[in-house]
S.K.: 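Sharing a structure, written as structure tokens. Questions coming.
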Amino acid sequence: MKLYEHMAKDVLRAAGVPVPRGRVCTTPDEAAAAARELGPVAVKAQVLVGGRGKAGGIRLAQTAAEAAQCAEAILTMQIRGQPVRSVLCEERLVIERELYLALAVDPSARRPVLIASAQGGMEIEEVPDRAITRLHLEVPWGLVPFQARQLAQRLELGPSLAAAFADITARLHRVFVERDAELVECNPLAVVPGGLVAADARLNVDDDALWRQRELPRTSEATPLEERVRALGLAFVQLDGDIAVMANGAGITMATVDVLQRYGGRPMNFLDAGGGAAAGPTADALEILLSTHPRAVLVNIFGGITRCDEVARAILTVRERRGLDVPLVVRLVGTNEEEGTALLQQAGIPAFTSMREAAERVVALAGER
Amino acid sequence: MGILVDERTKVVVSGITGRQGRFHTQQMLEFGTRIVAGVSPGHGGEEVGGVPVYETVQAAVDKHGATSAVLFVPAPHVRDAALEAIAAGLSPVVVIAEHVPVHDAMDVVAFAAEHRAVVIGPNTYGLCTPAGRAKLGIPPGRIFSPGPVGVLARSGTLSYEIVAALTEAGLGQSTVVGLGGDRVVGTSFVETLKRFAKDEQTRVLVLVGEIGGSAEEEAAEFVKGLDKPVVAYLAGASAPTGKRMGHAGAIIERGRGTYASKRRALEDAGVHVADLPWEVAPLVREALGRLEETAREG
């Protein structure tokens, strides 16, 4: 789960990291009020995607009237498909230098990594590798103060800034651990007269740890349809095609989507009905898929824990509840395959055993309509 | 023969009294796995399918000489249960649960490294050495058959699909290992390839990868110096950036971990990458054929 900049900054502020004074605004009037309180402000779109600066989502305002105008413009924008629902109006900073500082999970090292650069302010991907310093942290020791001093030295910060830098690094590390973060990032970490300020902040929290992060606010990037299917406890991603897909297991679902694409079909979604999915949620998910008017539906089941007869029953339930007005292709192999196939056949729904034939068939059916 | 587990592997099942634990203990026993004990705090003294249940892993080890553990405990308890199994000297420790917090996974990995234990998972179906009748985890037993193909995968059902096709084609497996679908897992492709490289039974390798992370690229680097042929299939060719395709690890972020990059790295290392899942078995057959030809000529 990604937090909005203002939420991330609330967490950092509470942890003692210096952040600019700011107000979250959802209307131009609120932005004007914020500017009257704070003076000249930066008006910043609050979105969960990157690249908002380039998209015109950050504007500078001298006066309250200008702040209102900026907010009005930004609040009607969409940035990479995301509508802007709020802006953060922040006091303007006098920035001398921009640094980069982050803690992240490094999957290949299987440890946290501290990342810093003297070239902050741009996307870290665009910074040349030789200008980036990475220090892995040892579990369970975590950040040891000498590592922050070492980094400060490599960034050539000088003694007074080095102390502030080490302090901020330690506080970020505490946030990283205590908030189950996958990433906590200050970019830029701004050098201002008198010290360092986290001018921008990102905090991505591990979805799998949200149960123990109750006090954090919640955000979601999911579409309304994704919300509905995920509420059933299933993994679902909307794509932009017209063949609905349901399979069991993330890998096989991905492969099913790939195969359809390769055969010239256009998959509409990724729906992983999970291992051992019960008939209830499977039927509910299938019903939601059908309600989005696909041209055809492919159900691809390789039953290990998942029982084929359960899947067949789910399909029959959906047929009873709302009818099957869309061509449905089922591939069914594995546990209780005979029982499941028989159930479908009695209902006049053919079941394939080959993934290849099922994929070819569903692409053909989608093309005919 | 095979890697990590074989007929000598004596297994303790942690979380044996839960629904999943009970069901899969039965399934593993039917396959032939030597399950010597179960663990479930508060249930010491009970039995599950004839398997004695203890309060602690250490008790199970002391009493039965268990060598390895399979964990069926839910995600919030994984850190504790895995550390307990590692501290008791067990290896491999197989973590089935999905949704384990990544900071917990890093703790488990670090503790395992310190104790020289192998952790498989989290978010895995486990592993199986068919010739040793050793299945530790949840895959359906009937898909396996003994033979020369080593399989390593990040995803579960996709490897069932591919392993079942291998078996159907008469291409048995030395060991099939599910490394897990999470970002941080206990064992990497490279570490597993190293084991397969030394295993005499294994002659051809099948790597089932997916988008996200850099495990496939690292594997490709290792394969360059490997003298066994490798066939691969990669899932996620059509996945959009920034969307998690079910697995925590299967996500293209900031343009990294793409299908194209993984495919290129593997092909540059001489790996045959199948376009479609059912092309894997024929490619494996070809690779074995070439090996036999070379052997005849040699």
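On a predicted model such as this, the values are computed, not experimentally measured, just so you know. Letters A, B, ... are given to chains in the order of the sequence lines, protein chains preceding strands, and every chain is numbered from 1.
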S.K.: Which atoms of B:Pro277 come close to chain A, meaning under 4.5 Å heavy atom to heavy atom: side chain ones, backbone ones, both, or neither?
M.R.: side chain
S.K.: Kindly give the heavy-atom pair with the smallest separation between A:Asp180 and B:Pro101, and that separation in Å.
M.R.: OD1-CB, 4.4 Å
S.K.: With a 4.0 Å cut-off on N to O distance, would you call B:Glu191 and A:Arg110 a salt bridge?
M.R.: yes
S.K.: Check B:Ala235 against A:Ala255 and note the closest heavy-atom contact, atom names and distance.
M.R.: CB-N, 4.3 Å
S.K.: Treating A:Asp258 as the side-chain partner and B:Ala237 as the backbone partner, does any N or O pair qualify as donor plus acceptor under 3.5 Å?
M.R.: yes
S.K.: Taking all non-hydrogen atoms of both residues, which atom of B:Gly236 and which atom of A:Met254 are closest, and how far apart?
M.R.: CA-SD, 3.6 Å
S.K.: Closer than 3.5 angstrom, by distance alone: can the side chain of B:His103 be matched with the main-chain N or O of A:Val177 as a donor-acceptor pair?
M.R.: no
S.K.: Could you tell me which portion of B:Ile162 (side chain, backbone, both or neither) has an atom closer than 4.5 angstrom to a non-hydrogen atom of chain A?
M.R.: neither
S.K.: With a 4.5 angstrom heavy-atom cut-off, could you sort out which part of B:Val100 is near chain A: side chain, backbone, both or neither?
M.R.: backbone
S.K.: Tell me, side chain or backbone of B:Val185 under 4.5 Å from chain A's heavy atoms, or both, or neither?
M.R.: backbone
S.K.: Decide yes or no on side-chain contact (heavy atoms from CB on, under 4.5 Å) for B:Leu276 and A:Arg356, but give the supporting numbers first.
M.R.: CA-CA 9 Å; B:Leu276 295 159; A:Arg356 175 186 202 154; 5.9 Å; no
S.K.: Going by heavy atoms in the side chains, are B:Arg256 and A:Glu125 under 4.5 Å from each other?
M.R.: yes
S.K.: Contact part of A:Val237 toward chain B, heavy-atom cut-off under 4.5 Å: side chain, backbone, both or neither?
M.R.: side chain
S.K.: Quick one: what part of B:Tyr233 sits under 4.5 Å from any heavy atom of chain A, side chain, backbone, both or neither?
M.R.: side chain
S.K.: Between the side chains of A:Glu182 and B:Arg244, is the shortest nitrogen-to-carboxylate-oxygen separation below 4.0 Å, so that they form an ion pair?
M.R.: yes
S.K.: Under 4.0 Å between a side-chain nitrogen and a carboxylate oxygen: does that hold for A:Arg212 and B:Asp104?
M.R.: yes
S.K.: By a 4.5 Å heavy-atom criterion (distance strictly below it), what part of A:Leu137 contacts chain B: side chain, backbone, both, or neither?
M.R.: neither
S.K.: Has the side chain of A:Asp206 got a donor or acceptor atom that lies under 3.5 Å from a matching backbone atom of B:Val102?
M.R.: yes
S.K.: Of the non-hydrogen atoms in A:Gly251 and B:Glu210, which two are nearest, and what is the gap between them?
M.R.: CA-OE1, 4.3 Å
S.K.: Flag the one option from B:Arg154, B:Arg142, B:Glu161 with the top tally of heavy-atom pairs under 4.5 Å to chain A.
M.R.: B:Glu161
S.K.: What part of A:Pro112 lies closer than 4.5 angstrom to a heavy atom of chain B: side chain, backbone, both or neither?
M.R.: both
S.K.: For the pair B:Thr157 (side chain) and A:Asn248 (backbone), establish whether a donor and an acceptor sit closer than 3.5 Å, ignoring hydrogens and angles.
M.R.: yes
S.K.: Does any non-hydrogen side-chain atom of B:Tyr160 lie less than 4.5 Å from one of A:Val333?
M.R.: no
S.K.: Check each atom of A:Thr335 against the heavy atoms of chain B and say whether the ones under 4.5 Å are side chain, backbone, both or neither.
M.R.: both
